[in-house]
Amino acid sequence: MQTLPSAYSPRDHEPQIYKKWEKSGYFNPNNLKCRNNARTYCIMMPPPNVTGTLHIGHAGMLAYEDILIRYHRMKGDRTLWLPGTDHAAIATQTKVEKVLKKEGTNRHKLGRKAFLDRVEVFTKESHNTIVDQIKKMGSSCDWSREAYTLDETRHKAVYSVFKMMYDDGLIYRGERIVNWCPRCHSTLANDEVEYTEETAKLYWIKYGPFILATARPETKLGDTAVAVHPDDKRYKNMVNKEYEIPGVLGTFKIKVVADEEVNPKFGSGAIKITPAHSFADNKIAQKHNLPSKKIIDEDGKMMKNCGKYAGMPTKEAREAIVKDMAKMGIIDHIDENYKHNISRCYRCDTPIEPLPSLQWFIDVNKKIPRYGKSIKELSVETVRKGVFNRQKIKICPKRFEKNYFHWMENLQDWCVSRQIWFGHRIPVWYKESSKFKVQSSKFKNKKEIYVGIKPPTGKGWVQDKDTLDTWFSSGLWTFSTLADSPNQISVKNGKLYIDSQDFKDFHPTQVLETGYDILFFWIARMIIMTTYALGDIPFYDVYLHGLVLDKKGKKMSKSKGNVVDPLDLVREYGADATRLSLVIGSTPGTDMRLAKEKIEGYRNLANKLWNIGRYILQKTTPSDTSYPINIKDCTSADAWILKKMGELIKTVEKDIQQYRFSQAGEKLREFMWDDLADWYIEASKYEENVEAKNTVLVLVFKDLLKLWHPYIPFVTETLWVYFDSNRSLLMASSWPSADTYEKIANMIKNDACQFILTKKIITAVRSARSVYRIKTGIKLELFIYAKDRSTRTEIEDQKSILLNLRTEIAKITLLKERRQIKNAFAATIDGIEIFLPLKDAIDINKERKRLQGEYNNANKYLQTIERKLQNRDFTRKAPKKIIESEKTKLKHQKLKINKIKTFLSSLE
RNA sequence: GGGCGCUUGGCUCAGUUGGUUAGAGCGACUGGUUUACACCCAGUAGGUCGGGAGUUCGAAUCUCUCAGCGCCCACCA
């Protein structure tokens, strides 16, 4: 007999348990004995950014993935969960820059090399924190294969794919209008731009024959056209004509174009077009082949071509120009309260300056020679109908497929260059003499540019200063991680090869589990990069979880101060409770709220499991429990729990396979708490087949530990030690079989139904006592009328349970015939009748009222069934199965009502 | 402006393809030191599923519409 402390204390067990797992080597699929033809199962962990610490959302992600991984490992699949981290170029660089600022320095003062050394120190520290956190959550990932988006092997993959794309003509360098942050001196991706609503002035300017409204008069210096809506009658005869427009720097020529994009209701219906400094204008300009004139430079200042305004920041220039316009009398009027959205840099809040800049792009519309399809087409088809003889990628929940298509179909060329230092430097070298600020077209002379995996030989080559968008490397994640070293990665005949056993075994991966917020950033990019580079899919399924919000439903953020650190939760409630609180009660793709109370509830759950184990250990010696179960000694309670267990295994498995983690968890809780603890164990205390029962108890509990293990690995593994004499690890044990349980349950001669009847009787008695306020300690007699002899025998068999399970029954009298019992609570259960004389406690009026209420209810229900069955449409159209069940219901309901009637009449 | 989602007892949420009198946890209330667990046990109350219309033999579940809330995308001079 073992004695365990009465409360489970996670912190006393979790660290040792994790060490034990790691030491076993079982996180690595190579060390697990699997069947020879075992299926493989692989998840790539979405690599957390090395910018600090994990947040609660990561904790949820780890919980979901670990559930899948542990389940499949126990099912006998060759299971790999590969962890890693992301260098997160911009985010990380910004963090380090902030630190430098505090120190009174900046990256330019340090220089590229020293700065990157600094970043490395920071990321190493951050990495260690993250790894520690992942372990604390109980994640069973294979650390021996850990990857980093910026390590040597991943670097080779990145350069290889870049070169492939360049050779395929998909990558080009071009001048395009980009979001430019004048402070950071870098382009920003669309998702790095934030919008704030602001009130500004709207200037109505006399513009040759037009009057038009603009919020940015200073851009007039870069105007090359005026656009109107094609249906706008006001301007119809002006379209396609050229006009001379007087301006602060003299007159200039513009062309009038008609374009659908113009909103005739805005301003005067005519808008000025500044192709170089507005996305919308640029789009119109491209369509109509309008010239572009750049007037604002990378510092956000007016350029040399702006005459006396040259060198002024845009805001200053605006004021000066407006002043001059007023002098010229070309300001018609000014709206002071013009509300519009202004785009800002998400890092430094500086207003974005759209401007043309020389960047590297991936062409998403150009056909890839070997596929005859563009990146865009390939990526859409992969999810719509499947490509490369693979089934289509399924996104769960399905509704996100729509978002995906919408995004993908509207995808524009992907700008992959960033003007920051931290990241994969663009693998392009220029001949010094060529100067790298020149247009792409000038590189027609191939001797001046070199794109390759290794630097070119020879003198005078300079590498591009920019780095790649961080998503370029994370887009390769599902396969770049499966190479052990750079030399396993090669390009042959325009295709990427990963020459490793892991790649053969584990790619495509089974499922990509992540938050829906990075569907576009990351998932879409992985699909793009993998289909392109490998001619294969990165994963079969995508499972998207929601975001974790605070108790009030607000996003967690540092500024709001409502951030929950998962490690605090682990410390206070244990990793198991933290995991459950993130998994149960959440739906795929839907945000969830997390409150302290919820986690407490799951801490209680772990403790409940612990105490069930503790109880069983006090009653049995698991190592001595002999198998197989002595079936002939088994009671109906045994049959019931074994049957329930079989059902549980089946449904949990189905739920996990279909990513219904919450449902499976709830079913496990219900089985453990309601069925096993509150009914089966309670009943077991009063039954006499001790030996057979102990075997059942140990068997069921051990398998329950297995079923719970993917959810709450620590407490289950801790308990397992006491139940398994082989000193094996629960994490490497095999998943129980539902069939076995069904078989055993069916072999027991006592039927599970008997126990169900007993349960119902007990519940009725307890309820009656409570409703009538019968004091604890007052014992009552119970009369049961059952017509069938067999039923009476069954009840007789269950007597000790009926007497002891909080019913406080002194005596049970079985009646062969219905008899009038005075002053009794009466009820009918599955065809039998029970009477509980309540002595003085019964209030005849109250009981009559109660029965009358029950009668009315039953009658109402009877009527609805009758109405249904009388409805010809129903009997004609409804499936037979439904009609039959309605008929059965009707029969039962009639019986029930008759009985209530007799109870009522016997009350006098 | 376009798209997506949510609205179920006091709170937080389930509800798989439309088919038993809609479930759970927490909270509330009543009663309990009972062979593990007060991080516990027994019991009770409480909702007709946001409003309206429709499809159907049958709707929380499908369609339309209105209202409130939230998110994503685009960004317009």
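Since the model is a prediction, treat every value here as computed from it, not as a measurement. The chains referred to below are lettered A, B, ... by the order of the sequence lines, with proteins before strands, and numbering in each begins at 1.
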Is it the case that B:C72 (base atoms only) and A:Asn403 (side chain only) share a donor and an acceptor within less than 3.5 Å, ignoring hydrogens and angles? no
If you only use heavy atoms from C-beta on, which nucleotide in B:U20, B:A36, B:G43 is closest to the side chain of A:Ser770? B:G43
If I take atom CG in residue A:Asn871 and atom P in nucleotide B:U56, what distance separates them, rounded to the nearest angstrom? 13 Å
Sub-3.5 Å donor-acceptor pair from the side chain of A:Arg614 to the main-chain atoms of A:Leu4, do we have one? yes
Look at all strands and tell whether A:Asp655 reaches a base, only sugar-phosphate, or nothing, counting heavy atoms closer than 4.0 Å. nothing
Tell me whether the side-chain N/O atoms of A:Arg660 come closer than 4.0 Å to OP1 or OP2 in B:U16. no
Under 4.0 Å between a Lys/Arg side-chain N and an Asp/Glu carboxylate O for A:Lys889 and A:Glu886? yes
Distance between C1' atoms of B:C49 and B:G31 (Å, rounded): 33 Å
Nearest to side-chain heavy atoms of A:Asn607, which nucleotide of B:G43, B:C39, B:C41: B:C39
Contact class for A:Arg876 vs. all strands (heavy atom < 4.0 Å): base, sugar-phosphate, or nothing? nothing
With the side chain defined as heavy atoms from C-beta on, A:Ile681 is closest, among B:U21, B:A14, B:A36, to B:A36
Between C1' on B:G25 and CD on A:Gln663, what's the gap in Å once rounded to a whole number? 15 Å
Could you pick out which residue, A:Gly267 or A:Ile762, lies toward the 5' side of RNA chain B when each is mapped onto its nearest nucleotide? A:Ile762
Can you identify which nucleotide, out of B:A36, B:C41, B:C73, has its nearest atom closest to the A:His406 side chain? B:C73
Spacing of the P atoms in B:C6 and B:A14 (rounded, Å): 9 Å
At less than 4.0 Å, is any side-chain N or O atom of A:Thr590 found next to OP1 or OP2 of B:C6? Yes or no. no
Going from CG on A:Leu617 to CG on A:Leu719, what distance comes out if it is rounded to the nearest 0.5 angstrom? 7.5 Å
Fit a plane to each ring of A:Trp610 and A:Tyr8, take the angle between them on a 0 to 90° scale, and name the class: parallel (under 30°), tilted (30 to 60°) or perpendicular (over 60°). tilted
Between B:C39 atom P and A:Tyr602 atom OH, what is the distance in whole Å? 18 Å
Can you identify which nucleotide, out of B:C57, B:A77, B:U20, has its nearest atom closest to the A:His340 side chain? B:A77
In whole Å, measure the gap between the C1' atoms of B:C37 and B:A42 for me. 15 Å
Please answer whether the main-chain N or O of A:Ser6 pairs with a side-chain N or O of A:Asn611 as donor and acceptor at a distance below 3.5 Å. yes
So what does A:Ala213 hit on the nucleic acid, given a heavy-atom distance under 4.0 Å: a base, only sugar-phosphate, or nothing? sugar-phosphate
Could you tell me whether A:Gly601 contacts a base, only the sugar-phosphate backbone, or nothing, with contacts defined as non-hydrogen atoms closer than 4.0 Å? nothing
Separation of A:Tyr8 atom OH from B:C39 atom C1', in whole Å? 13 Å
Heavy-atom donor-acceptor pair, A:Lys619 side-chain to B:U35 base, under 3.5 Å: yes
Tell me whether the side-chain N or O atoms of A:Arg593 pair up with the base of B:U12 as donor and acceptor below 3.5 Å, since no angle test is needed here. no
Work out how far the P atom of B:C13 is from that of B:G50, and round it to whole angstrom. 15 Å
Protein-nucleotide distance (A:Phe400, atom CZ; B:C73, atom P), rounded to Å: 12 Å
Looking only at the side chain of A:Asn611 (C-beta and beyond, no hydrogens), which of the listed nucleotides B:A14, B:A36, B:C57 gets closest? B:A36
4.5 Å side-chain heavy-atom contact, A:Pro588 and A:Tyr543: yes
I need the NZ-C1' distance between A:Lys608 and B:C40, as an integer number of Å. 6 Å
What nucleic acid atoms does A:Gln893 come within less than 4.0 Å of, heavy atoms only: base, sugar-phosphate, or nothing? base
Under 4.0 angstrom, heavy atoms only, what part of the nucleic acid is A:Thr776 near: base, sugar-phosphate, or nothing? sugar-phosphate
Taking the C1' atom in each of B:C69 and B:G51, what is the distance between them to the nearest angstrom? 15 Å
Taking atom P in both B:G58 and B:A53, compute the distance separating them and give it to the nearest angstrom. 16 Å
Any side-chain heavy-atom pair from A:Glu808 and A:Ile778 closer than 4.5 angstrom? no
Using a 4.0 Å heavy-atom cut-off, does A:Lys654 contact any base of the nucleic acid, only the sugar-phosphate backbone, or nothing at all? nothing
Counting only N and O atoms by type, is there a donor-acceptor contact under 3.5 Å from the side chain of A:Arg579 to the main-chain atoms of A:Tyr711? yes
Name the nucleic acid region contacted by A:Glu682, choosing base, sugar-phosphate or nothing; use a 4.0 angstrom heavy-atom cut-off, strictly under. base
The answer to which of A:Arg399 and A:Asn857 contacts RNA chain B further toward the 5' end, by nearest nucleotide, is A:Arg399
At under 4.0 Å between heavy atoms, what does A:Ser586 touch on the DNA or RNA strands: base, sugar-phosphate, or nothing? nothing
Separation of B:C39 C1' from A:Arg603 CZ (nearest whole Å): 5 Å
Measure distances between side-chain N and O atoms of A:Lys685 and base N and O atoms of B:A36, and say whether any donor-acceptor pair falls under 3.5 Å. yes
Roughly how many Å is it from NZ in A:Lys598 to P in B:G25, rounded to a whole number? 14 Å
A:Arg669 side chain, from C-beta outward: closest of B:U35, B:A24, B:C71: B:A24
Under 4.0 angstrom, heavy atoms only, what part of the nucleic acid is A:Trp673 near: base, sugar-phosphate, or nothing? sugar-phosphate
Would you indicate what A:Asp281 reaches in the nucleic acid, counting non-hydrogen atoms under 4.0 angstrom: base, sugar-phosphate, or nothing? nothing
Start with the C-alpha distance between A:Ser684 and A:Lys693, add both sets of side-chain angles, then the distance that settles side-chain hydrogen bond (donor to acceptor under 3.5 Å, both in side chains), and finish with yes or no. CA-CA 7 Å; A:Ser684 77; A:Lys693 195 161 289 290; 6.0 Å; no
B:C62 versus B:G15 - spacing of their P atoms, nearest Å: 12 Å
Using the C1' atom as the point on both nucleotides, what is the distance between B:U61 and B:U35, in whole Å? 47 Å
